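Comments concern the structure below.
By convention in this document, chain letters (A, B, ...) are assigned in the order of the sequence lines, proteins followed by strands, and residues within each chain are numbered from 1. All of these numbers come straight from a predicted model, not from anything done at the bench.
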Protein chains: 2
Amino acid sequence: MDEIIERIEKELRESGKKSSRTRRKVIEVFFSCGGHLSVEDLYREVKQRYPDIGYVTVYRTLKVLEELGYATSLDVGDGSTRFETALRQHHDHLICTVCGRIYEFFEPEIEVLQNLVARKNDFRILDHTLHIFGICKECQK
Amino acid sequence: MDEIIERIEKELRESGKKSSRTRRKVIEVFFSCGGHLSVEDLYREVKQRYPDIGYVTVYRTLKVLEELGYATSLDVGDGSTRFETALRQHHDHLICTVCGRIYEFFEPEIEVLQNLVARKNDFRILDHTLHIFGICKECQK
DNA sequence: GATTAAATTGAAATTCTTTTTCAGAATAGT
DNA sequence: ACTATTCTGAAAAAGAATTTCAATTTAATC
Ligand SMILES: [Mn+2]
Ligand SMILES: [Mn+2]
Ligand SMILES: [Zn+2]
Ligand SMILES: [Zn+2]
């Protein structure tokens, strides 16, 4: 955990930025929270521990993390962008339209087929998102 | 084309709505345009032929079409929601991050695998979106 | 440790899309 | 025609994302 933040701050310093106490705190809270957080979500968490940190810094920190490849943003269609750590393996999402819970899955065969589709269309893949919307196990009860 | 609009207006009337000249015009333009249009896009097209029609009516008409299942909305991550006809077969999208062009594909095996994933997770699928982002053939030149 | 240049911060302002409100116009039924 | 309800367009509001800017913090230099 600390080593990850070290790595991030190092990358930042190497690109002429400075490492600030505030940003470090936001990053810590982000990775310790886990899950799929909106800026607002993370801001609330941060505020609890560090009441002086502002919304914009949380917003900017998430942007930085995304740019450096340590966070991924996803749009689950509920109005606000969500962010999750990019330290774990790539995966796609099952999104419950009843409770909003987000489940994760990884299906290698789908990934392979995507590459096939891309090749057929002479398309160079940079990224993809597969969102499956529906009703989760809990909400079916 | 006219028969589709007839069907839509019929459905509307059956649910206590009225059929208006204005909405009919917007629907006509929408289906005749084709493609993946934002509200703004369609508004521009409508404005050209019918200068008196307002933005909000275009917005509302697209909403109605979506509710009735005649249009589908998709978010390609460029800030505004896009709409396309739902009269054609389901498909997914290849989105060029250079030129913004949107290509379509349908891969039955991916669909099958999605159902498999859902079953494994006791998840009842209602919908899904698979967006592949990258560089299209044209833009690779 | 003081000095300085550059980056960071938080609040406020701005931008941009989406959505709601509301008074007047159009529509459908009597 | 009369009436009730829906529809329309402009304007306002809502909401998220982003920018601006003065004050503060940081990193490097003296
Ligand atoms: Mn995830
Ligand atoms: Mn399409
Ligand atoms: Zn659920
Ligand atoms: Zn392209």
Side-chain angles (χ1 to χ4, degrees), chain A residues 5-6 8-30 36-44 46-68 71-83 100, chain B residues 5-6 8-30 36-44 46-47 49-68 71 73-83 100:
Chain A
I5 298 188
E6 285 308 325
I8 294 170
E9 303 241 281
K10 184 162 164 283
E11 279 187 44
L12 283 170
R13 259 177 281 124
E14 280 169 1
S15 66
K17 314 261 177 177
K18 306 192 168 178
S19 49
S20 80
R21 307 163 172 289
T22 309
R23 187 160 49 202
R24 173 182 273 269
K25 288 171 189 161
V26 176
I27 296 175
E28 273 173 12
V29 176
F30 174 65
H36 305 83
L37 305 172
S38 66
V39 179
E40 193 62 39
D41 289 340
L42 182 55
Y43 174 58
R44 211 175 304 119
V46 166
K47 205 73 182 171
Q48 217 163 329
R49 286 217 267 154
Y50 310 104
D52 291 344
I53 297 180
Y55 174 91
V56 188
T57 298
V58 174
Y59 164 77
R60 279 190 283 231
T61 302
L62 283 171
K63 280 285 184 189
V64 167
L65 288 178
E66 190 181 19
E67 276 161 29
L68 295 182
T72 311
S73 66
L74 60 152
D75 180 353
V76 297
D78 73 336
S80 59
T81 305
R82 286 167 186 290
F83 293 83
Chain B
I5 298 188
E6 284 310 323
I8 294 170
E9 303 241 281
K10 184 161 163 285
E11 279 187 43
L12 283 170
R13 258 177 281 124
E14 280 169 0
S15 65
K17 315 260 177 177
K18 306 191 168 177
S19 49
S20 81
R21 307 163 174 291
T22 310
R23 189 161 47 203
R24 173 182 272 269
K25 288 171 189 163
V26 175
I27 296 175
E28 274 173 12
V29 176
F30 174 66
H36 305 83
L37 305 171
S38 66
V39 179
E40 193 63 39
D41 288 341
L42 182 55
Y43 174 58
R44 211 176 303 119
V46 166
K47 205 73 182 172
R49 286 217 266 154
Y50 310 104
D52 291 343
I53 297 180
Y55 174 92
V56 187
T57 298
V58 174
Y59 164 77
R60 278 191 283 231
T61 301
L62 283 171
K63 281 284 185 191
V64 167
L65 288 178
E66 190 180 19
E67 275 161 30
L68 296 182
S73 65
L74 61 151
D75 180 353
V76 296
D78 72 337
S80 60
T81 305
R82 287 167 186 290
F83 294 83

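Look at B/Arg82 and B/Glu40 and you find no salt bridge, because none of the NZ, NE, NH1 or NH2 atoms lies under 4.0 Å from a carboxylate O.
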Per-nucleotide protein contact string for nucleotides 25-30 of chain D (B base, S sugar-phosphate only, - none; heavy atom under 4.0 Å): -BS---
What does the B/S/- profile of nucleotides 13-23 of chain C look like, 5' to 3', with a 4.0 Å heavy-atom cutoff to protein? ----SBBBB--
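Rounded to an integer number of Å, the gap from CG of A/Asp41 to P of D/dA16 is 11 Å. If you measure from atom CG of B/Asp78 to atom C1' of D/dA17, you get 14 Å, rounded to the nearest angstrom. If you measure from atom CG of B/Asp75 to atom C1' of D/dA17, you get 14 Å, rounded to the nearest angstrom. Rounded to whole Å, the distance from OH on A/Tyr50 to C1' on C/dT9 is 17 Å. To the nearest angstrom, P of D/dA17 lies 7 Å from CZ of A/Phe83. Remark: P of C/dT27 and CZ of B/Arg23 are 11 Å apart, rounded to the nearest angstrom. In this entry the distance linking NZ of B/Lys25 with P of D/dC7 reads 16 Å, nearest Å. Straight-line distance from the CZ atom of B/Arg24 to the C1' atom of C/dA26: 15 Å, rounded to whole Å.
Once rounded to the nearest 0.5 Å, the distance linking NE2 of B/His36 with CG of B/Asp78 reads 12.0 Å. One finds the OG atom of A/Ser80 at 7.0 Å from the CG atom of A/Asp41 (value rounded to the nearest 0.5 Å). Atom-to-atom distance recorded for B/Arg44:CZ and B/Leu37:CG is 9.5 Å, nearest 0.5 angstrom.
Computed from C1' positions of five pairs at each end, the angle between the two local axes of the helix from C/dG1-D/dC30 to C/dT30-D/dA1 equals 20°, rounded to 10 degrees.
For B/Tyr55, the ring-ring contact (aromatic ring centres under 6.0 Å, His included) partners are B/Tyr43, not counting sequence neighbours. Here B/Thr22 pairs with B/Ser20, B/Ile53, B/Thr57 under the side chain to side chain contact (heavy atoms under 4.5 Å, CB included) rule; sequence neighbours left out.
Identified under the salt bridge (Lys or Arg N to Asp or Glu O under 4.0 Å) test for residues 55-67 of chain B, with sequence neighbours left out: none.
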Trace of the salt bridge (Lys or Arg N to Asp or Glu O under 4.0 Å) decision for A/Lys10 with A/Glu6: CA-CA 6 Å; A/Lys10 184 162 164 283; A/Glu6 285 308 325; over 6 Å; no
Between A/Tyr50 and A/Glu28, is the side-chain contact (heavy atoms from CB on, under 4.5 Å) condition met? List the steps. CA-CA 12 Å; A/Tyr50 310 104; A/Glu28 273 173 12; 4.1 Å; yes
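Side-chain atoms of A/Arg23 come within 3.5 Å of backbone atoms of A/Lys18 as a donor-acceptor pair (strictly under, hydrogens ignored).
Between A/Thr61 and the choices A/Ile8, A/Leu42, A/Ile27, the side chain to side chain contact (heavy atoms under 4.5 Å, CB included) rule is met once, by A/Ile27.
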